[in-house]
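As the structure is a prediction and not an experimental result, all values here were calculated from the model.
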Amino acid sequence: MTTNHDDNEPVCKKMKSDFDLKSFKIEETLNFKSRDKVIIVKGKFDGNLDDSVLIFEKTAFPENFNDIQKSISLDEFETKNIMCNDIYRTENINGMDSINSIKLTVISPATEKHLQRYKKPKFHFISETPSIYNDVTLPFIQKNNFSNIWIENLIHKKAEMDRVLLNIEDTENGFILAMDYKWDGVNIEDIHYIAI
């Protein structure tokens, strides 16, 4: 696998302005999943013309949970970076009450493919034949795949090395087991790993 970027280029793409959640202006709600406690919005950071996607996800509650903070004000939160790799970053947002933690994933700049990926899907039922798969589905998948730079960064030890649990460097049977960005690295209830 080859890398598509210069070794001296920062692994996390720099936004035109410093990362400041208070400067983010929401333009559109792309999706809302009340059951999963997730809201996905599109907008822009001040001084940046690129679209960004923010995914706010309520972290799992501990078993001894007793209270809920009823209102959310972005001014009251502090952010702590959990992971940064290419255009993907995960932030943990904490308010005054530690049980009211929200995991924030930022994709900036977000491409049109990202915006489409996170929009609320429209469902259709189709009986797919081998012919439809080869003529329609497969070309669509090949045309709309995402960049694999984040995988290359992980394999070549350029990002997220603190999130790697196991790295077996073997040309035939090697693999990496790392914390997925979907997991904040804290709540065991939400544990999520990825194997490459």
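- Contact between Met161 and Leu154 at its shortest, heavy atoms only, is SD-O, 4.0 Å.
- Heavy atoms only, all atoms of each residue included: Leu115 and Ala110 are closest at CD2-CB, 4.4 Å.
- With Leu177 as the fixed residue, the side-chain contact (heavy atoms from CB on, under 4.5 Å) test singles out one of Val164, Leu166, Ile168: Leu166.
- Remark: Asp20 CG to Asn48 CG distance equals 12.5 Å, nearest 0.5 Å.
- Taken together through direct or relayed side-chain contacts under 4.5 Å among Ile, Leu, Val, Met, Phe, Trp and Tyr, Leu54 and Ile26 form part of one hydrophobic cluster.
- Counting all heavy atoms, side chain and backbone alike, Ser52 lies closest to Ser108 at OG-OG, 2.7 Å.
- Under a hydrophobic-cluster definition in which Ile, Leu, Val, Met, Phe, Trp and Tyr are linked whenever side-chain heavy atoms come within less than 4.5 Å, directly or via other members, Leu165 and Ile191 are assigned to the same cluster.
- You'll find the side chain of Arg89 reaches within 4.5 Å of the side chain of Asn81, heavy atoms only.
- A donor-acceptor contact shorter than 3.5 Å is absent between the side chain of Asp180 and the backbone of His192.
- Of the inter-residue distances, the one linking Lys42 atom NZ with Glu27 atom CD reads 5.5 Å to the nearest 0.5 angstrom.
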**Message:** Does His114 form a side-chain contact (heavy atoms from CB on, under 4.5 Å) with Ile87? I'd like the steps, not just the answer.
**Reply:** CA-CA 11 Å; His114 289 105; Ile87 63 170; 3.3 Å; yes
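- Contact annotation: the side chain of Lys119 approaches that of Glu28 to within less than 4.5 Å [non-hydrogen atoms, C-beta and beyond].
- A distance of 5.0 Å separates OG1 in Thr105 from CD1 in Ile55, rounded to the nearest 0.5 Å.
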**Message:** Between Glu128 and Val136, does the side-chain contact (heavy atoms from CB on, under 4.5 Å) criterion hold? Intermediate values first, please.
**Reply:** CA-CA 10 Å; Glu128 185 177 64; Val136 179; over 6 Å; no
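- Of the charged side-chain nitrogens involved, none lies within less than 4.0 Å of a carboxylate oxygen, so that Asp50 and Lys44 do not count as a salt-bridged pair.
- By the 4.5 Å heavy-atom criterion applied to side chains, Asn144 and Gln116 are not counted as neighbours.
- Screening residues 163-174 for salt bridge (charged side-chain N to carboxylate O under 4.0 Å, His left out) gives Lys157-Glu169, Glu160-Arg163 as the qualifying pairs, with residues at least two apart or on separate chains.
- Between atom CG of residue Asn85 and atom CD1 of residue Ile151 there is a gap of 9.5 Å, rounded to the nearest 0.5 Å.
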**Request:** Quick one: do Phe45 and Val106 satisfy side-chain contact (heavy atoms from CB on, under 4.5 Å)? Show the steps, please.
**Result:** CA-CA 11 Å; Phe45 289 94; Val106 178; 4.3 Å; yes
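- Not a single ring pair (Phe, Tyr, Trp, His ring centres under 6.0 Å) links Phe175 to another residue, sequence neighbours left out.
- In this structure, the side chain of Asp86 does not engage the main chain of Tyr88 through any donor-acceptor pair within 3.5 Å.
- Remark: Glu91 CD to Lys80 NZ distance equals 10.5 Å, nearest 0.5 Å.
- A distance of 5.5 Å separates NZ in Lys33 from CG in Asn31, rounded to the nearest 0.5 Å.
- Looking only at side-chain heavy atoms (C-beta outward), Asp46 and Lys25 come within less than 4.5 Å of each other.
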